Amino acid sequence: MKALKKRVLSLLIVLTGTPVMAGGWGLGASIFDWGYFGVQGRKTFNLGGDISQITTAATFYFDNTWMAFDADYHFVINPQNPSRFYPLVGIELSTDFSDFTEFGINLGGGMDFMLTEKLAAYVEAKFVISDLD
């Protein structure tokens, strides 16, 4: 079980409001492994349409003072719907800038809930596959 926990770090939940216009910026709250809380800044880049996006994020976790940097590809399933679902795949770099630096692979999905034409709340769940203990 510990090996599984070591390989699949946790379910990462992010819930916030974020602009979803082309090249939109967002802020969020983050819960990692149901015990580490942090804040997240993110930027979304649309790749020639409404269905293909790259989202980059930097998350600062308060408990052990470490950061995670993510770059995820989102494939939006239903771009015209006010509740837009997307699977995601990406990479992560986690570091405390002194003792550890680990790379990981992100797998998961999320949903944007359009509040206005340019503002959305989102929820995202990710498994991070990494050697980080």
Side-chain angles (χ1 to χ4, degrees):
M1 185 66 175
K2 185 174 181 177
L4 179 62
K5 185 174 180 181
K6 187 175 181 182
R7 296 305 262 155
V8 181
L9 282 178
S10 181
L11 184 62
L12 175 67
I13 306 266
V14 178
L15 177 62
T16 190
T18 182
V20 292
M21 60 188 167
W25 290 88
L27 292 173
S30 181
I31 303 169
F32 185 84
D33 202 17
W34 301 107
Y36 300 104
F37 296 94
V39 294
Q40 179 184 84
R42 62 191 253 165
K43 181 165 174 65
T44 298
F45 301 91
N46 289 332
L47 304 175
D50 292 338
I51 63 170
S52 189
Q53 302 174 336
I54 297 286
T55 298
T56 58
T59 308
F60 177 79
Y61 292 97
F62 300 108
D63 296 345
N64 288 334
T65 315
W66 59 285
M67 289 192 74
F69 302 95
D70 296 279
D72 296 325
Y73 174 76
H74 297 180
F75 182 79
V76 180
I77 301 294
N78 49 352
Q80 279 70 37
N81 193 320
S83 298
R84 305 177 333 171
F85 171 75
Y86 55 88
L88 68 84
V89 62
I91 57 173
E92 178 178 284
L93 171 69
S94 299
T95 184
D96 69 353
F97 300 104
S98 64
D99 293 334
F100 76 88
T101 300
E102 293 289 338
F103 286 96
I105 297 173
N106 299 332
L107 301 171
M111 185 172 281
D112 290 331
F113 303 96
M114 299 306 295
L115 304 174
T116 68
E117 188 175 315
K118 296 186 185 237
L119 184 69
Y122 69 92
V123 63
E124 196 169 272
K126 263 184 231 190
F127 285 104
V128 180
I129 303 168
S130 172
D131 285 333
L132 181 63
D133 191 9

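Just so we're clear, the structure is a prediction, and the values are computed from it rather than from any experiment. Numbering of residues begins at 1 and proceeds along the displayed sequence.
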Any donor-acceptor pair under 3.5 Å linking the side chain of Ser30 with the backbone of Gly38? no

Can you sort out the partners of Thr95 under side chain to side chain donor-acceptor pair (under 3.5 Å), two or more places apart, ordered by chain and number? Thr101

Side chain to side chain contact (heavy atoms under 4.5 Å, CB included), that's the test. Do Thr56 and Arg42 meet it? Break it down for me. CA-CA 6 Å; Thr56 58; Arg42 62 191 253 165; 5.9 Å; no

Restricting to ring-ring contact (aromatic ring centres under 6.0 Å, His included), what partner residues turn up for Phe62, sequence neighbours left out? Phe60

side-chain contact (heavy atoms from CB on, under 4.5 Å) involving Ser98 - partner list, sequence neighbours excluded: Asp96

Step by step, work out the side-chain hydrogen bond (donor to acceptor under 3.5 Å, both in side chains) result for Thr44 and Thr55. CA-CA 4 Å; Thr44 298; Thr55 298; 3.3 Å; yes

Main-chain N/O of Leu88 paired to Asp72 side chain as donor or acceptor, under 3.5 Å: no

Mind checking whether Val76 and Gln53 have side chains closer than 4.5 Å, heavy atoms only? yes

By side-chain contact (heavy atoms from CB on, under 4.5 Å), Ile77 pairs with (sequence neighbours left out) Phe75, Phe85, Pro87

Indicate, with yes or no, if Ile91 and Ile129 share a hydrophobic cluster defined by side-chain heavy-atom contacts under 4.5 Å among Ile, Leu, Val, Met, Phe, Trp and Tyr. no

When you measure from the centre of the six-membered ring of Tyr122, is the NZ or CZ of Arg84 under 6.0 Å away and within 45° of the axis? no

Applying side-chain contact (heavy atoms from CB on, under 4.5 Å), name anything that partners Ser52, two or more places apart in sequence or on another chain. Leu47, Tyr73

Shortest non-hydrogen pair, Tyr86 vs Glu124, comes out as OH-OE1, 2.7 Å

Phe69: ring-ring contact (aromatic ring centres under 6.0 Å, His included) partners, not counting sequence neighbours: none

